[in-house]
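Computation of the quantities below employed the complete heavy-atom set of this structure, encompassing side-chain atoms and omitting hydrogens, waters and symmetry-equivalent molecules. In what follows, chains are A, B, ... by sequence order, proteins preceding strands, each numbered from 1.
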Amino acid sequence: MKLAKNYDPKLYETDIYSLWEQSGAFSPNDKGRSFSLVVPPPNANGNLHMGHALSFSVQDIAARYHRLKGERVLFVPGADHAGFETQVVYERELEKQGKSRFDYSREVLYNKIFDFVDLNRDNFQTQIRKLGASVDWSRYAFSLDPKIVKQAYATFKQMWKEGLVYRGERLVNFCTLHGTAFADIEVDYREEKGQLWQIRYPLSDGSGELVVATTRPETMLGDTAVAVNPEDSRYKMMIGKTVKLPLTHREIPVIADNYVDVNFGTGAVKITPAHDPNDYQIAQRHDLPFVTVIGFDGKLVHSVPETFRGLNVLEGREAILKQLEREGLLVGDEEIIHNVGHCYKCATVIEPLLKEQWFIDIKPLADNALQAIRAGKIEFLPQAKQIQLERYLETIRDWNISRQIVWGIPIPAFQNEEDPDDWIYDERVDQEVITVDNKHYRRDADVFDTWFSSSTWPYTTLDYPQGTDFKEFYPLSLMETGSDLLYPWLSRMIMLGLYVTGEVPFSKVYLHGMITDSQGRKMSKSIGNVTDPMETIAKFGSDALRIGVISGQTPGNNQPYVEAKVIGGRNFINKLWNIARFTEGVVENFKQTDAQPISAADHWILVQYAKTKSLYIEHMDSYRFSEAYEIIYHFLWNDFADWYIEASKIEPNPALLAELLRSALPLVQPFAPFVSETIWQTLELSQNSLLINQKLIDLPSGNEENAMRFERIKSLVNEVRSLLTATKAVKVKLYYHNEPDVASFATVINQLGGTIGVEEGEAGRGIALTASGFNCWLDIDQESIDRYVTHLEELIAAEQQRTKQLQERLKNHSYLNQAPKELVEETSNQLVEAEQTLEKLLDEKIRFAPRR
RNA sequence: GGGCGCUUAGCUCAGUUGGCUAGAGCGCUUGCUUUACACGCAAGAAGUCGGGGGUUCAAGUCCCUCAGCGCCCACCA
């Protein structure tokens, strides 16, 4: 035997992967339709998690399936520098050494992070290999590779030239700890308890006062107005007057704006345009000045009254409240639940701060994307995500692409040292100052938002615009990624792809849900509920992990990681291995490929194979991978192993057995690539080809009539087994009368049914078979017959109910008139069968009743 | 406040266009050293498909409604 007693994944997986890789099987072949997908590049800074295992599994199944169909498959791997994410990870490393990012110059820090990421490269790629991902390593892309950066620049330049990118002073979401701004989408809002303070703002003319309500008293130093609702009778007469802003010498106007909710707080809102997004908008409507009071370090700035200078936000708040109280201006406070934005990494409260940044004018891009999506140019799995994306694109706001970190792609923009409004595009980002037309320009210190460069991924990885890959494989056939990336990444790939290439970047999107722990909680290091896919592989093998995450999986839905599913996969792999071992023991020559069906079982299994194959293709083509897996699983385990192999022990047809194994392996291969290739190689099922290159195999078709004969024998065997178990009878003979098929399959029936003989006889003692439609009976002893009578009652009850149901359906005139003819016909056939069975059962009961 | 999901056996989930006597894996019960496999074989038990209403000859599947759970967006200072 070439196949070992047990399949131990560890012994084969690495070698099999090398075999694939070195053979060039991962690169597109030269014929066929093209099928392309690009891996959503994982962060280069860490390890793969369960979500990656799922994502790679889905992608790899698709890739392998399309190779199976004879298509030329392009499957591009890559990694993302993940700017902010990685810098945060690295800063933690520095912290361990007692250092911080401030200890290094920008260049030195960049290089240190680069080395840090580079060190992880092998680790990261090894993990992808362990997952069995059949990616083309020769096309591996890293988001800081020159070709990617070049295209990111080209995209930025084009937008600049066409006025889609602008520099503006806006409120940005700023983390004062990390010292960088974020996009709106990156802010983590949480519901929190807070306090709403009421503060008196006296009218300048001494005619009274306004009481404003605020959760952020410290920002009052930057107030430039107080707003009330124009319809609010309490304040109507104050509109247009001014108030004395406490703690300062400024006077600010009372303005009217519909934004103010009469019923919230006091109905009067202090307006701080430089520190609140809503106030910012009001300020624009009313042309109010902007007064900054909080700096990028999170401290009150120099221009505030001396007592408050340099205090951080919370200290400032305390100090201001105390001062107000002293002056009798603090009316009171109440508790309030409100949403507060936090840095998604360090939980620091995000400060809205005014900052000059690069923005993308998103409206035109979003409109294009919407048009394409509504025109159905991209198919979404699950479909509901399309609507979600449309909603998002309808309300999307301009995109801030500047980040104040070092780990990223420097923004290729320079500012005139003499004229702050004079910005030029230039790619000489390795220089701090450049001279153009005798003017000195200083490089923008910021880098791109990582999502900006990664949103060019579908076309940059394919070497847009001149590359052959781009010409032959763009748009991508499939983009598979997590549902959580729908807004931050997918939407932007679509917008940028359309903008730059004029085409949608991919024609199909498959969005997987999150893998949670067994209780449905997000896997997280702090909870300690993380399962490392590499550990699962070590324990159960890569194929088992793949089956475990893929079975029962549907797009869009979260799914818990359940080890039992992995175990189920492992068991199936073991089954497959043993099918192969049995076959190996029977087949002398795997090179012979002209198998023909002889027995009824042969015909039956060929019919089953044909059904399996067509259903499999149907599910695979629709990305219902879990269902396709179930199809092949049951074919191999139930049809092939449980029935065909057992039957073939009696009527062997080694040539066909070999062919069946050879034809089934390509179908399993997407789900269990390692074990199926191991079998293929070990048994040398094909002289000089790898299973990974094998196309779908057609087998001779089975004869329906013969297949049907076996199907009936199968149900006879089932009935015999069932009766033997119910009656607990042992050493039983089966008799038949005038049943040629039973006569010719006597050995099969005897062996599979567990009787001790199948013989011709006259009906007499024993119990008649009722369900399978043969004139047969089991010769059992009196004690067993008594047990059978009880069993009979149950069978009769069930059959009566069934008969009644069918009769009622056929009595219904509307059903007869309106349901499809075939269906009605089927129902009447079912009724005839049910009635026959019932009749036999009742006869049996009459025969045995006197004994009760 | 708005949007999108989910609720089907003990557990985790499938169920495509309405045709289902509602499936799978794991678990459970009973019996098996049947030599490819105990990571197995055989036979079983287990669900009023969240509640209510409707459309239809027919509803797990479509519509309405209620309840519970989850996610996302927007945010009242």
Side-chain angles (χ1 to χ4, degrees), chain A residues 1 3 5-7 184-185 189 196 212-216 219 227 259-261 263-272 276-279 282 336 338-339 382 384-385 387-388 391-392 395 483-484 486-487 513-514 518 520 540 544 547-548 551-554 556-586 618-619 622 624 626-627 629-630 633-634 641-642 645-646 649 718 721-726 728 751-752 754 798 801-802 805-806 809 812-820 822-824 826-827 830 834:
Chain A
M1 287 286 266
L3 291 172
K5 173 124 175 58
N6 293 307
Y7 173 68
D184 294 333
I185 205 163
Y189 284 94
L196 189 64
V212 302
T214 180
T215 53
R216 302 206 55 189
T219 63
Y259 157 81
V260 180
D261 179 354
N263 299 315
F264 189 89
T266 59
V269 188
K270 60 191 261 327
I271 301 300
T272 322
D276 182 284
N278 291 308
D279 295 4
I282 291 180
I336 183 184
H338 61 158
N339 265 332
K385 296 292 173 189
I387 301 156
Q388 277 185 37
R391 291 291 120 77
Y392 174 71
T395 56
S483 305
D484 54 333
L486 181 63
Y487 301 155
M514 207 187 354
S518 58
F540 300 106
I547 292 169
S551 60
Q553 196 272 347
T554 44
N557 291 328
N558 288 354
Q559 53 168 341
Y561 171 78
V562 178
E563 196 177 82
K565 288 205 293 177
V566 179
I567 291 174
R570 195 254 337 245
N571 295 355
F572 171 66
I573 288 156
N574 175 255
K575 189 48 125 177
L576 179 60
W577 186 257
N578 278 290
I579 288 172
R581 287 187 72 226
F582 175 81
T583 307
E584 187 191 359
V586 172
E618 205 182 312
H619 287 308
S622 319
R624 294 191 292 265
S626 174
E627 289 191 65
Y629 168 69
E630 264 192 49
Y633 175 97
H634 286 114
D642 292 345
I645 284 186
E646 293 307 319
K649 285 176 182 170
N718 277 333
R721 285 169 173 175
S722 220
L723 285 172
L724 290 182
T725 308
K728 296 185 177 156
Q751 206 104 325
L752 300 191
Q801 207 198 332
R802 170 103 176 114
Q805 265 178 6
L806 291 168
R809 197 177 302 168
N812 186 336
H813 290 285
S814 322
Y815 177 69
L816 295 175
N817 296 334
Q818 283 171 259
E822 311 86 65
L823 198 68
V824 176
E826 199 188 317
T827 309
Q830 284 170 340

**Q.** Atom-pair distance (CD on A/Q805; C1' on B/C20), nearest Å
**A.** 11 Å
Q) Is a donor-acceptor pair below 3.5 Å formed from side chain A/K565 to base B/C26, judging by atom type as modelled? A) no
Q. For B/G1, what is the paired nucleotide under Watson-Crick or G-U wobble rules, both distances under 3.5 Å?
A. B/C73
Q. Mind checking the P distance from B/U21 to B/U34? Whole angstroms is fine.
A. 40 Å
Q.
For a 4.5 angstrom cut-off between non-hydrogen side-chain atoms, does A/I547 reach A/Y633?
A. no
Q) Quick one: which of B/C39, B/C4, B/U21 gets closest to the side chain of A/R809? A) B/U21
Q: Report yes if at least one side-chain N or O of A/R721 is closer than 4.0 Å to OP1 or OP2 of B/A43; otherwise report no.
A: yes
Q: Check if the side chain of A/R581 and the base of B/C37 share a donor-acceptor pair of N or O atoms closer than 3.5 Å.
A: no
Q.
Between B/C57 and B/U16, how many Å separate the two C1' atoms, rounded to a whole number?
A. 23 Å
Q: Determine the interatomic distance between P on B/C49 and the same-named atom on B/A22; round to the nearest Å.
A: 11 Å
Q: Pick the P atom in B/U61 and in B/G19, then give their distance to the nearest Å.
A: 11 Å
Q | Watson-Crick/G-U partner (both atom distances under 3.5 Å) of B/A67 | A | B/U7
Q) Would you say the side chain of A/K649 lies within less than 4.5 Å of the side chain of A/F582, judging by non-hydrogen atoms? A) yes
**Q.** B/C71 phosphate, OP1 or OP2, under 4.0 Å from A/N557 side-chain N/O
**A.** no
(Q) Is it the case that atom CD in A/E646 sees more than 12 heavy atoms from other parts of the structure closer than 6.0 Å? (A) yes
Q | Base partner of B/A42, which must satisfy Watson-Crick or wobble distances under 3.5 Å | A | B/U30
Q. Does any donor-acceptor pair link the side chain of A/E627 with the base of B/A24 at a separation under 3.5 Å?
A. no
